[in-house]
Amino acid sequence: MLKDYPYALLQFYATGPYACSYLEGRQARSQVATPGHLINTPVYSELVRNGFRRSGVFTYRPYCDSCRACIPARIPVARFVANRSQKRCWNRNAALEARECPLVFREDHYALYQRYQELRHAGGGMDQDSREQYSHFLLQSNVETRIVEFRDPTDGNALRMICVLDCLTDGLSSVYTFYDPALTKEGLGTYGVLWQIEACRLLELPYLYLGYWIRDSQKMAYKSRFRPLEGRVAGNWRTLTEQDLNQLC
């Protein structure tokens with residue numbers, strides 16, 4: 001893997017064990033690719049196809065000693081067909097207006113991020129993120145990254161959702177999405193994924209990469225509702241079957 005220049009210049013190291021963020025009571029480790037300044041969009045695209053992801057300028061993939069629960073997941077855009085519930089969600093949010101923003105700090109974006117973390121992920125560690133931590137997580141990037149904001153023109157142009165996306169050579173990678181947690185009936189999380197799928201179609205990109213799917217993590221359950229879903233299992237991408245979704249761990 002990654003034998004050609006400039007991939008041959010990359011180095012990979014394993015972190016020490018730390019508490020898993022998704023499965024209680026488990027220890028996790030990561031494999032990190034360095035140096036960051038060599039990981040531009042083409043290199044990062046190849047890394048993503050090999051199961052990597054990024055947080056800020058750090059590019060990593062799970063490297064746990066005795067656990068293989070994290071499955072890299074992507075949606076093959078040409079084969080995706082929205083189900084009835086997803087179609088209703090799309091129509092329900094049709095009034096929202098999407099606009100690409102510069103990759104810079106904005107106070108209203110950070111305020112929405114804080115509300116989302118406090119109500120959706122309280123106690124998870126990110127609910128206390130400072131402005132600096134937020135910026136390191138979502139606004140620092142060595143690759144082509146876009147921030148898309150969604151506003152409601154029927155309600156004073158209120159900010160409803162933010163999607164942070166990486167542009168790859170074969171798709172978009174969904175870095176992070178956060179939205180107004182008070183709007184529980186609108187299904188903004190679902191709408192965000194549907195919008196990203198449509199963005200891939202318009203850009204003629206074959207895949208939307210969703211990061212990792214973990215069968216026993218409730219936080220990741222939503223990903224299995226987008227079918228077909230492909231996973232990278234034993235080094236190869238393939239469509240995940242119902243049996244896979246029930247048994248992979």
Inset, instruction - Might you work through the salt bridge (charged side-chain N to carboxylate O under 4.0 Å, His left out) test for Asp244 and Arg215, ending with a clear yes or no? - result: CA-CA 9 Å; Asp244 289 328; Arg215 185 197 64 184; over 6 Å; no

Quick one, Ile147 with His109, criterion side-chain contact (heavy atoms from CB on, under 4.5 Å). Give me CA distance, side-chain angles, the key distance, then yes/no. CA-CA 10 Å; Ile147 291 183; His109 289 188; 4.2 Å; yes

- request: Tell me, with the steps shown, if Val77 and Tyr207 meet side-chain contact (heavy atoms from CB on, under 4.5 Å).
  value: CA-CA 5 Å; Val77 170; Tyr207 299 110; 5.6 Å; no

Notebook entry, point to check: How far apart are the C-alpha atoms of Phe226 and Thr190, what are their side-chain angles, what is the distance that settles it, and do they pass the side-chain contact (heavy atoms from CB on, under 4.5 Å) test?
Noted result: CA-CA 9 Å; Phe226 295 88; Thr190 296; 4.0 Å; yes

| Stepwise, does the side-chain contact (heavy atoms from CB on, under 4.5 Å) test hold for Arg238 with Val233? | CA-CA 7 Å; Arg238 61 176 175 82; Val233 181; 3.8 Å; yes

- Step-by-step side chain to side chain donor-acceptor pair (under 3.5 Å) determination, Tyr209 to Asp170: CA-CA 10 Å; Tyr209 288 86; Asp170 66 341; 2.7 Å; yes

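The hydrophobic cluster containing Phe58 does not contain Tyr134, counting ILVMFWY residues as joined when their side-chain heavy atoms lie under 4.5 angstrom apart, directly or transitively. The same ILVMFWY cluster, assembled from side-chain heavy atoms under 4.5 Å apart, contains both Leu159 and Tyr191. At a threshold of 4.5 Å between side-chain heavy atoms, the hydrophobic network of Ile, Leu, Val, Met, Phe, Trp and Tyr places Tyr60 and Phe12 in two separate groups. By the rule that hydrophobic residues join a cluster once side-chain heavy atoms approach within less than 4.5 Å of another member, Ile71 and Tyr212 end up as members of separate clusters. Val32 and Leu10 fall into different hydrophobic clusters, where Ile, Leu, Val, Met, Phe, Trp and Tyr residues are linked whenever their side-chain heavy atoms come under 4.5 Å apart, directly or through other members.
Sorted by first then second residue, the salt bridge (charged side-chain N to carboxylate O under 4.0 Å, His left out) pairs that include residues 69-85, not counting sequence neighbours, are Arg74-Glu230, Arg79-Glu230.
Classification of Arg201 and Glu198 as a salt-bridged pair holds, one side-chain N sitting under 4.0 Å from a carboxylate O. Looking at Glu149 and Arg99, a side-chain N of the basic residue comes within less than 4.0 Å of a carboxylate O on the acidic one, giving a salt bridge. Salt-bridge annotation for Arg26 and Glu24: absent, with no side-chain N of the basic residue lying under 4.0 Å from a carboxylate O of the acidic one.
Taking the side chain as every heavy atom from C-beta outward, Leu139 and Phe105 approach each other to under 4.5 Å. Under the 4.5 Å side-chain criterion, counting only non-hydrogen atoms from C-beta, Tyr63 is not in contact with Thr15. Annotation: side chain of Phe150 is not in contact with side chain of Ile162 (no heavy-atom distance under 4.5 Å). In this structure the side chain of Ser45 never reaches within 4.5 angstrom of the side chain of Val48, judged on heavy atoms. Using a 4.5 Å heavy-atom cutoff, the side chains of Gln196 and Thr177 are in contact. With a 4.5 Å cut-off on side-chain heavy atoms, Tyr22 and Met220 count as touching. Proximity of Leu205 to Leu168: side-chain heavy atoms (C-beta onward) are nowhere separated by under 4.5 Å. Looking only at side-chain heavy atoms (C-beta outward), Thr241 and Gln243 come within less than 4.5 Å of each other.
The CH2 atom of Trp237 lies 9.5 Å from the CG atom of Asn50; values are rounded to the nearest 0.5 Å. To the nearest 0.5 Å, atom NZ of residue Lys219 and atom CG of residue Leu23 are 10.0 Å apart. The line from SG of Cys70 to CD1 of Ile214 is 3.5 Å long, rounded to the nearest 0.5 Å. Here the CG-CG distance, from Leu172 to Leu203, works out to 6.0 Å after rounding to the nearest 0.5 Å. Here Ile75 contributes atom CD1 and Ser174 contributes atom OG; the two are 9.0 Å apart, rounded to the nearest 0.5 Å. Within the model, atoms OG of Ser224 and CG of Leu240 stand 9.5 Å from one another, a figure rounded to the nearest 0.5 Å.
Side-chain atoms of Arg54 come within 3.5 Å of backbone atoms of Gly56 as a donor-acceptor pair (strictly under, hydrogens ignored). The closest donor-acceptor contact from the side chain of Lys223 to the backbone of Leu210 lies under 3.5 Å. In this structure, Gln117 contributes its side chain and Tyr113 its backbone to no donor-acceptor pair below 3.5 Å. Arg53 contributes a side-chain N or O that, together with a main-chain N or O of Val175, makes up a donor-acceptor pair within less than 3.5 Å. At distances below 3.5 Å, at least one donor-acceptor pair connects side-chain atoms of Arg68 with backbone N or O atoms of Cys64. No donor-acceptor pair under 3.5 Å is formed between the side chain of Glu46 and the backbone N or O of Val43. Side-chain atoms of Arg151 come within 3.5 Å of backbone atoms of Asn157 as a donor-acceptor pair (strictly under, hydrogens ignored). Side-chain atoms of Gln133 come within 3.5 Å of backbone atoms of Ser130 as a donor-acceptor pair (strictly under, hydrogens ignored). For the pair Asn93 (side chain) and Cys89 (backbone), a donor-acceptor distance under 3.5 Å is present. In terms of modelled atom types and a separation under 3.5 Å, the side chain of Arg225 and the main chain of Gln86 share no donor-acceptor contact.
Between the side chains of Ser85 and Asn83, no donor-acceptor pair of N or O atoms lies under 3.5 Å. For the 3.5 Å distance criterion, the side chains of Tyr18 and Ser30 qualify, holding a donor opposite an acceptor. With 3.5 Å as the limit, one finds no donor-acceptor pair spanning the side chains of Tyr116 and Asp180. With 3.5 Å as the limit, one finds no donor-acceptor pair spanning the side chains of Thr41 and Glu144. With no hydrogens or angles considered, a side-chain donor-acceptor pair links Thr169 and Arg49 at under 3.5 Å. Counted by atom type alone, Asn142 and Tyr44 present zero donor-acceptor pairs between their side chains at under 3.5 Å.
A search for side chain to side chain donor-acceptor pair (under 3.5 Å) contacts involving Asp155 returns Arg160, not counting sequence neighbours.
The local environment of CD in Glu132 is sparse, with at most 12 non-hydrogen atoms from other residues, nucleotides or ligands closer than 6.0 Å. Other residues, nucleotides and ligands contribute over 12 non-hydrogen atoms within 6.0 Å of the OH atom of Tyr110.
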